[in-house]
There are 2 protein chains.
Amino acid sequence: MPKPQAKPERKTRIQSQNEEIILDAALEVFSAYGYRGGTIDQIAARCGLSKPNLLYYFRRKDDIYKAVLERTLADWLEPLRSLDPAADPATELTRYISAKLDLTFGRPAASRLFANEILHGAPHVARFLKGPLKELVDAKALVIRRWVAEGKLRPVDATHFIFAIWAVTQHYADFAVQVEAIIGTPDRERVRRAVLDILLRGIIPGRG
Amino acid sequence: MPKPQAKPERKTRIQSQNEEIILDAALEVFSAYGYRGGTIDQIAARCGLSKPNLLYYFRRKDDIYKAVLERTLADWLEPLRSLDPAADPATELTRYISAKLDLTFGRPAASRLFANEILHGAPHVARFLKGPLKELVDAKALVIRRWVAEGKLRPVDATHFIFAIWAVTQHYADFAVQVEAIIGTPDRERVRRAVLDILLRGIIPGRG
DNA sequence: GTCTATAATATGATAGAC
DNA sequence: GTCTATCATATTATAGAC
């Protein structure tokens with residue numbers, strides 16, 4: 001959070017704008033080097049502010065990190081949240097996986113920031129994982145189980161299936177340098193087809 | 001590498017033993033906090049050596065990190081390497097995926113160390129990725145394509161299928177705190193069955 | 001080989017002028 | 001709000017006694 005000056009005045013446009021610039025730069029730096037590895041100097045340099053000026057907007061390094069992390073969490077839940085129980089499973093799962101891949105390729109830094117946070121024990125988002133995330137996954141696992149019960153989907157371990165979707169899609173952001181080392185810059189449409197095929201062929205009736 | 005004293009004497013048992021202890025401690029520290037986040041102090045404290053004493057065995061922090069990373073790379077390739085083209089695909093892929101899961105649950109710190117290294121651009125293992133790893137993946141993708149051509153496996157994008165296996169199996173180590181937040185400590189056998197089912201059902205003939 | 005002490009550097013954070 | 005200068009601390013790494 002930015003420090004409010006004496007009186008709780010409304011933010012100027014300059015302020016909001018600078019905060020955005022800082023958070024964009026912080027996302028790049030923290031996702032590339034980790035929390036400990038990224039420095040305030042780097043972030044300041046990247047957005048053309050002096051270090052003390054940056055620290056005027058965010059008093060401490062930790063505040064910057066929390067802000068950039070929180071900004072990504074909401075977006076992260078959205079695709080799963082919009083999984084519609086009333087619609088056709090094949091359509092919905094295809095849409096969900098495609099949306100996750102769009103995030104992966106469109107905002108790889110956000111994926112890597114989140115991956116880094118989890119990888120190192122989720123010190124800043126433990127509450128988020130055990131609260132909103134768990135609730136959402138539990139709810140959507142129920143949706144999948146209902147689809148299975150209704151015969152619209154072949155039997156599958158719902159929660160682990162969600163984990164598999166996350167793992168496979170985020171892989172192309174989190175392990176991008178490895179993917180690139182092996183196949184060069186991946187063709188997004190080919191990735192999409194391959195991933196949909198691998199994840200869905202076995203459980204969409206009439207597709208196996 | 002440990003610094004050889006004046007003459008290239010053979011290592012004493014104490015030396016080799018201490019190096020092992022140091023590398024074990026370093027694996028824990030670096031995998032938990034990242035390269036930058038882990039300190040020599042932490043590693044020294046964890047293995048009961050003084051910091052200068054530790055630096056007698058490995059002159060620089062970077063040397064410790066490289067050593068512990070290299071020690072894991074060979075083991076990481078082994079399961080894929082042993083994929084047998086002459087054997088039955090269903091058996092081989094089941095064995096491979098199970099072996100990966102055994103690594104994930106048996107040595108999660110090693111998985112997280114590697115994940116962290118890749119996540120941050122693979123500064124230390126770029127050559128490994130473009131050399132031995134790429135060669136191995138290319139070779140094993142050919143094996144899978146042959147199986148498909150022989151009708152032993154349904155059509156699948158071989159390389160992306162290997163990526164999917166990596167992603168799904170390593171997820172249980174790299175994102176362990178997230179998994180735990182959602183389902184508690186996972187039951188390994190259930191994970192194994194779920195993962196095998198999700199990854200193989202669609203492409204093993206007669207299993208869909 | 002192992003220790004204490006310490007140098008050298010990097011980095012988070014603040015003081016105070018403008 | 002933004003800057004220069006600087007402090008305080010953490011951390012890598014070394015010197016030199018034992």
Side-chain angles (χ1 to χ4, degrees), chain A residues 1-23 25-30 32-69 120 123-124, chain B residues 1-23 25-26 28-69 120 123-124:
Chain A
M1 305 301 174
K3 165 177 88 176
Q5 288 298 67
K7 296 175 186 178
E9 294 166 9
R10 203 164 52 194
K11 280 179 201 169
T12 70
R13 211 183 57 228
I14 293 271
Q15 274 177 326
S16 307
Q17 199 174 322
N18 272 343
E19 282 173 19
E20 288 301 307
I21 292 171
I22 291 169
L23 292 181
L27 173 61
E28 292 302 320
V29 169
F30 284 134
Y33 303 101
Y35 176 69
R36 237 358 238 308
T39 70
I40 298 178
D41 272 323
Q42 278 178 299
I43 299 170
R46 181 175 270 264
C47 55
L49 294 175
S50 68
K51 183 159 53 172
N53 194 186
L54 190 158
L55 287 168
Y56 166 80
Y57 290 100
F58 297 89
R59 265 178 67 83
R60 296 179 307 164
K61 183 185 184 181
D62 205 56
D63 294 338
I64 309 174
Y65 182 74
K66 277 184 197 157
V68 65
L69 200 54
H120 297 130
H124 293 84
Chain B
M1 305 300 176
K3 166 176 89 175
Q5 288 298 68
K7 295 176 185 179
E9 295 167 8
R10 201 162 54 194
K11 280 179 201 170
T12 70
R13 210 183 57 227
I14 294 270
Q15 274 177 326
S16 306
Q17 199 174 321
N18 273 343
E19 281 174 19
E20 288 300 308
I21 291 171
I22 292 169
L23 292 181
E28 292 302 319
V29 169
F30 284 133
S31 72
Y33 303 101
Y35 176 69
R36 200 67 196 298
T39 70
I40 298 179
D41 270 324
Q42 280 177 298
I43 299 170
R46 181 175 269 265
C47 57
L49 293 175
S50 69
K51 183 159 51 174
N53 193 187
L54 191 158
L55 287 167
Y56 166 80
Y57 290 100
F58 296 90
R59 264 179 66 84
R60 295 179 308 164
K61 183 184 184 180
D62 204 57
D63 294 338
I64 309 174
Y65 183 75
K66 277 184 197 157
V68 66
L69 200 54
H120 296 130
H124 293 85

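Quick note on labels: first sequence line is chain A, next is B, and so on, each numbered from 1.
Taking 4.0 angstrom as the limit, B/Tyr57 places none of its side-chain polar atoms (N or O) nearer than this to OP1 or OP2 of C/dG1. The side chain of B/Ser50 places no N or O atom within less than 4.0 Å of a non-bridging phosphate oxygen (OP1 or OP2) of C/dG1. Dashed line: the shortest gap from a side-chain N or O of B/Asn53 to OP1 or OP2 of C/dC3 is under 4.0 Å. Phosphate contact (OP1/OP2 of D/dT14, side-chain N/O of B/Arg59, threshold under 4.0 Å): present. The side chain of B/Arg36 contributes an N or O atom lying less than 4.0 Å from OP1 or OP2 of C/dT11. A/Tyr56 has no side-chain polar atom (N or O) that falls below the 4.0 Å cut-off from OP1 or OP2 of D/dT2.
The side chain of A/Ile14 approaches D/dT2 more closely than any other nucleotide in the set D/dC3, D/dT2, D/dT11. When distances run from any side-chain atom of B/Gln15 to the nucleotides C/dA13, C/dT14, C/dG1, the shortest one goes to C/dG1.
Screening A/Ile64, A/Ile22, A/Val68, A/Ile43 for a side chain to side chain contact (heavy atoms under 4.5 Å, CB included) with A/Leu27, the sole residue that qualifies is A/Val68.
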In residues 32-40 of chain A, what donor-acceptor pairs under 3.5 Å come from side-chain atoms, sequence neighbours left out?
residue: A/Tyr35; atom: OH; partner: A/Asp62; partner atom: OD1; Å: 3.1
residue: A/Arg36; atom: NH1; partner: B/Gly37; partner atom: O; Å: 3.0
residue: A/Thr39; atom: OG1; partner: A/Gln42; partner atom: N; Å: 3.0

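For the pair A/Lys51 and B/Gly37, nearest-nucleotide mapping onto DNA chain D gives the more 5' position to A/Lys51.
Across all strands shown, A/Gly38 has heavy atoms under 4.0 Å from sugar-phosphate atoms exclusively, and none from any base. At a threshold of 4.0 angstrom between heavy atoms, the contacts of A/Leu55 include nucleobase atoms, whether or not backbone atoms are also involved.
Contact annotation: the side chain of B/Phe58 approaches that of B/Leu23 to within less than 4.5 Å [non-hydrogen atoms, C-beta and beyond].
Using the six-membered ring where Trp is involved, B/His120 and A/His120 have ring planes that are parallel, under 30° apart on the 30 and 60° scheme.
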